[in-house]
Amino acid sequence: MSNRLTLTTWNVNSVRLRVELLKMLTEAPLHDGEMNRGPDVLCLQETKAMDDVFPRDAVLALGYSHLLIKGMKGYNGVAIASRFPLTPIDAPDWCAKGDCRHLAARIDTPGQSIELHNFYVPAGGPVPDRTKNPKFAHKLDFVTAMREWFTTARKQSDRIVLCGDLNIAPGEHDVWSHSYMQKIVSHTPIEVEHLQALQSGLDWTDAVRHFVPSDQKLFSWWSYRSQDWRLSNRGLRLDHVWVTPPLKPALLNASHLIDARDWTRTSDHVPVSVTLNL
DNA sequence: ATGGTTGCTTGGCAA
């Protein structure tokens, strides 16, 4: 019991606007039928805050005494908040843009140490054609760079968690309509191929699909542009937690906190949590 | 086919 680690990834779409919701997240039951323990590690994306305006004190007050942040003005931005010690790990400047889309750290849990990578993959713009849309090219190149780095700088036998907003919904039931979404950025075949190449590189296990059958619809994002997100249910599973082979036997549970989509002034993404028995 | 909303900022992107 004492060696359980619960990790939550959440694209907050502005950390400064979600401080109260982070508190709600720490108090929410993350997995059905379990006592609430709250996340031990929080990986945030789209913090949209320079480091000097990041609400450090509020996050520390929630019990996360170890905090790594990497922000820029207006866009992007990632953070890792932890109850266990974090040691920053050097990583590439993906696509040489210096754009605050990735943080990596070693987490020293009471059980053992693991390596954590928190990513915010580019959304890719509206047109799924790399010759017409530089943002789409950037997205594909970013995922390719991830695959190349992990397959050269790391091994399948390393104990690694990769999580974040990968902005790709790979499976047929990771989207509300597989046929409609074929030509829509986030579910086009070339994006899915790129993500699958990344996933097969270190033989990553999708920790959520490890527990939820792949023929069951599961989403982590619903657009703000709908009257009733639950009724229309045009969702996508863009947020992921993956683990390398040594951590696969440690997988204990995984859940999406769908209720968070109804919280007052919430993000368009919901928190995704995975518990490991280390 | 288009528009729908939100956030960072106050005009127009980005998602």
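Chain letters run A, B, ... following the sequence lines, proteins first, then strands; residues in each count from 1.
Under the side chain to side chain donor-acceptor pair (under 3.5 Å) criterion, A/S273 pairs with A/T8, sequence neighbours left out. For the side chain to side chain donor-acceptor pair (under 3.5 Å) test, no residue two or more places apart in sequence or in another chain qualifies with A/H66.
B/dT2 and B/dT6 have their P atoms separated by 23 Å, given to the nearest Å. The same atom, P, is picked in B/dA1 and in B/dA14; the two are 26 Å apart, to the nearest Å.
Between the CH2 atom of A/W222 and the C1' atom of B/dT6 there is a distance of 17 Å, rounded to whole Å. To the nearest angstrom, C1' of B/dT10 lies 12 Å from NZ of A/K73. One can place OH of A/Y75 at 8 Å from P of B/dA15, the figure rounded to the nearest angstrom. Straight-line distance from the CZ atom of A/R225 to the C1' atom of B/dG3: 8 Å, rounded to whole Å. A straight line from CG of A/L166 to C1' of B/dA15 spans 16 Å, rounded to a whole angstrom. If you measure from atom CE of A/M72 to atom C1' of B/dC13, you get 13 Å, rounded to the nearest angstrom. To the nearest angstrom, C1' of B/dG4 lies 14 Å from CG of A/D228. When the P atom of B/dG7 is taken as reference, atom CH2 of A/W221 falls 14 Å away, rounded to whole Å.
Neither A/V143 nor A/M181 shares a network with the other; the hydrophobic side chains, linked directly or stepwise wherever heavy atoms of I, L, V, M, F, W or Y lie under 4.5 Å apart, form separate groups for each.
OP1 or OP2 of B/dG7 has at least one side-chain nitrogen or oxygen of A/R265 nearer than 4.0 Å. Considering only side-chain N and O atoms, A/K135 lies under 4.0 angstrom from the phosphate OP1 or OP2 of B/dA14.
Take the nearest nucleotide of DNA chain B for A/Y180 and for A/A123: the residue whose nucleotide is more 5' is A/Y180. Residue whose closest nucleotide on DNA chain B sits further toward the 5' end, between A/H269 and A/S226: A/S226.
The pair A/R130-A/D141 meets the salt-bridge criterion, since a charged nitrogen lies less than 4.0 angstrom from a carboxylate oxygen. Looking at A/R101 and A/D99, a side-chain N of the basic residue comes within less than 4.0 Å of a carboxylate O on the acidic one, giving a salt bridge. Salt bridge annotation for A/R106-A/D108: present, with a cationic side-chain nitrogen under 4.0 angstrom from a carboxylate oxygen. Salt-bridge check for A/R261 with A/D268: failed, with every basic side-chain N at 4.0 Å or more from each acidic carboxylate O. Using a cut-off of 4.0 Å between Lys/Arg side-chain N and Asp/Glu carboxylate O, A/K217 and A/D174 are scored as not salt-bridged.
Aromatic ring centres of A/H102 and A/W94: separated by under 6.0 Å. Taking the six-membered ring for Trp, A/H210 and A/W242 have ring centres at least 6.0 Å apart. Remark: aromatic rings of A/Y224 and A/W229 are distant, center separation not under 6.0 Å.
Within residues 8-20 of chain A, the residues approached by DNA chain B to less than 4.0 Å at the level of any non-hydrogen atom are A/N13, A/S14, A/L17, A/R18, in residue-number order. If you check residues 182-197 of chain A against DNA chain B, you find no residue with a heavy atom closer than 4.0 Å. Of the residues in residues 138-147 of chain A, not one comes within less than 4.0 Å of DNA chain B through any heavy atom.
Residue pairs meeting the ring-ring contact (aromatic ring centres under 6.0 Å, His included) criterion with at least one partner in residues 160-187 of chain A, sequence neighbours excluded, are A/W176-A/Y180, A/H178-A/H187.
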